[in-house]
Protein chains: 2
Amino acid sequence: MAPTRRSSSKKERRQESEKLILSAAEKVFAEAGFGGATMQLIADVAGLPKANLHYYFPTKESLYRQVVQNIFQIWLQAADIFDAADGPAEGIGAYIDAKMEISRRHPEGSKVWASEVMHGAPVIQDYLETTLMEWTAGRADVIRRWIDEGRMDPVDPDHLLYMLWATTQHYADFGHQIETLNGGAPLSDDQWEAAKASVKQIILRGIGALD
Amino acid sequence: MAPTRRSSSKKERRQESEKLILSAAEKVFAEAGFGGATMQLIADVAGLPKANLHYYFPTKESLYRQVVQNIFQIWLQAADIFDAADGPAEGIGAYIDAKMEISRRHPEGSKVWASEVMHGAPVIQDYLETTLMEWTAGRADVIRRWIDEGRMDPVDPDHLLYMLWATTQHYADFGHQIETLNGGAPLSDDQWEAAKASVKQIILRGIGALD
DNA sequence: GTGGTTCCTGACCGTATGGTCAAATTCAGA
DNA sequence: TCTGAATTTGACCATACGGTCAGGAACCAC
């Protein structure tokens, strides 16, 4: 007799459950904020009893922390593109593309992160002070090198990075506003491409990396 | 006998109380979000008993709505600068200055607005669909005219506006992150000027309005 | 003063929330 | 098949929340 479709191990099942809960939590936290989200609603979205959530994540805060950490990891990976690049037009352009794509594919995560930072980063302050600070310093060094090599205008690297974050994440965090101004419809594929192109054009030209 | 300092009329006293409550509410809503904010905490910050808040604002939502509307009004006023301008460098430059100044002076309001929009604008959806939509269309027309007159590069006006909002409001909404990356200290006067200059330089040069 | 209106506030209420727990069920390995 | 560990879940609890209300205080026109 062929083995019935039951090949998932204990650990696999645990990971699946955690992923299901984390996905539901990300959605609910993004829509309602930490304070407005309820474990009951997250449980409903996940299709599980509330008590089951507390088995995998002892507290609401521990669940929230895991959601925020996951988003941070996704963003850090987008940084690889930056580093692998040869010059500002390629590196920053690819970074904008990557972050715009994340805003499109993971808008909930971006919102949770924004909410967390806006509220003073009570949960991930240590990440800001360590990982993010190092990352920022490293990227600023790269930008300064490009400037020294005459491959882009002299601009403050920190403020350039802020602008990159702000513009790309805006399409996720303020997606509802953009959708409303777009006549109530989400941006189409073409409109997303136009958005990417606009952002890249203005910023890359703005730092003198397109000539 | 000189009149004792008691010259406030009934209406004035009412307005003062409302302003006190609104100010406290703006702070608390910004720090905790709508769901996380409590009437008790707002009352404590305002130095009033909780029941007194409900005398001036019957529900938490009505108080919140008033806070959001106030912010929106402040932003709309910044638009006047845009209209009074002669060309893109002057108009957009002044608009950036004005919005950066608002981010500096009213960061709480900006955060409340961001939070509201991120959560799907449950309270001010009608504002988005009417006032903001009209405002955006009007400003896009102005930008298109500047483009037609050859005073700036052809860029999508909507995406340019999004970029202006994103970059300027970022300094309020993500102020905590910026402060952390700045070594834990708020931006100094000089740093704010540098921020304004960087944003203006990159965007104005990026749209070809500086040549 | 006096009557009436506005303003203020402590005490209270129904509800919803985060979290607990013990009993029941499932599952892997011997 | 048996056993112990992992998992699932309904019922439950203490707390905190938004909101109410009645009674008192302050104020103003006459």
Side-chain angles (χ1 to χ4, degrees), chain A residues 3-22 24-29 31-68 112 115-116 119 122-123, chain B residues 3-29 31-68 112 115 119 122-123:
Chain A
T4 54
R5 250 208 173 284
R6 168 160 303 281
S7 54
S8 57
S9 74
K10 217 95 191 251
K11 277 205 171 162
E12 280 169 348
R13 288 178 63 90
R14 178 166 197 111
Q15 281 187 344
E16 274 176 28
S17 292
E18 287 179 353
K19 233 170 207 166
L20 179 68
I21 294 169
L22 284 168
E26 182 177 284
K27 195 176 296 185
V28 173
F29 281 133
E31 284 173 3
F34 179 81
T38 68
M39 293 297 273
Q40 185 61 62
L41 183 53
I42 295 172
D44 291 346
V45 170
L48 296 172
K50 189 185 68 161
N52 203 351
L53 265 63
H54 280 100
Y55 175 74
Y56 286 101
F57 299 92
T59 67
K60 184 184 179 185
E61 191 181 312
S62 67
L63 173 55
Y64 174 76
R65 171 176 282 119
Q66 193 61 55
V67 169
V68 175
V112 175
S115 199
E116 163 71 6
H119 299 352
V123 163
Chain B
T4 53
R5 251 207 172 283
R6 168 160 304 281
S7 55
S8 57
S9 75
K10 218 92 192 258
K11 276 205 170 163
E12 280 168 348
R13 287 179 62 89
R14 179 168 195 107
Q15 281 186 346
E16 273 175 28
S17 291
E18 286 180 354
K19 233 169 207 166
L20 179 68
I21 294 169
L22 284 168
S23 173
E26 182 177 284
K27 195 177 295 184
V28 173
F29 281 134
E31 284 173 1
F34 178 81
T38 70
M39 294 297 274
Q40 185 61 61
L41 184 54
I42 295 172
D44 291 346
V45 171
L48 298 171
K50 189 184 67 161
N52 204 352
L53 266 62
H54 280 100
Y55 175 74
Y56 287 100
F57 300 92
T59 65
K60 183 184 179 184
E61 191 181 312
S62 66
L63 174 55
Y64 174 75
R65 173 177 280 117
Q66 193 61 54
V67 169
V68 175
V112 176
S115 199
H119 299 352
V123 164

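Chain A is the first sequence line, chain B the second, and so forth, proteins listed ahead of strands; every chain is numbered from 1.
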Between [N] ([atom2]) and [X] ([atom1]): distance, integer Å:
X	N	atom1	atom2	answer
Q40(B)	dT20(D)	CD	C1'	15 Å
E61(A)	dT17(C)	CD	P	19 Å
N52(B)	dT9(C)	CG	P	5 Å
H54(B)	dC13(C)	NE2	C1'	13 Å
F57(B)	dG18(D)	CZ	P	16 Å
L53(B)	dC17(D)	CG	C1'	14 Å
M39(A)	dT20(C)	CE	P	10 Å
K50(B)	dG19(D)	NZ	P	9 Å

For K27(B) and E31(B), run salt bridge (Lys or Arg N to Asp or Glu O under 4.0 Å): C-alpha distance rounded to whole Å, both residues' side-chain angles, the deciding distance at 0.1 Å, then the answer.
-> CA-CA 6 Å; K27(B) 195 177 295 184; E31(B) 284 173 1; over 6 Å; no

Which of these nucleotides, dT9(C), dG18(C), dG10(D), is closest to any side-chain atom of K60(A)?
->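 Closest nucleotide among those given: dG18(C).
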
How is A37(B) classified with respect to the nucleic acid when contacts are heavy atoms under 4.0 Å: base, sugar-phosphate, or nothing?
->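 Sugar-phosphate, no base atom in range.
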
Looking for any heavy atom pair under 4.0 Å, which part of the strands does Y56(B) touch: base, sugar-phosphate only, or nothing?
->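 Contact class for Y56(B): sugar-phosphate only.
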
Expected output: side-chain S62(A) to main-chain T59(A) donor-acceptor under 3.5 Å =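 Looks like yes, one N/O pair under 3.5 Å.
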
Measure from the side-chain N and O atoms of K60(B) to the backbone N and O of A37(B), and report whether any donor-acceptor pair falls under 3.5 Å.
->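 At least one qualifying donor-acceptor pair exists.
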
Would one find a side-chain N or O of R14(A) under 4.0 angstrom from OP1 or OP2 of dT7(D)?
->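 True: R14(A) side-chain N/O within range (under 4.0 Å) of dT7(D) OP1/OP2.
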
So does Y55(B) get a side-chain nitrogen or oxygen closer than 4.0 Å to the phosphate oxygens (OP1/OP2) of dC7(C)?
->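 Yes, within the criterion.
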
Does the pair V68(A) and F29(A) meet the rule for a side chain to side chain contact (heavy atoms under 4.5 Å, CB included), with working shown?
-> CA-CA 10 Å; V68(A) 175; F29(A) 281 133; over 6 Å; no

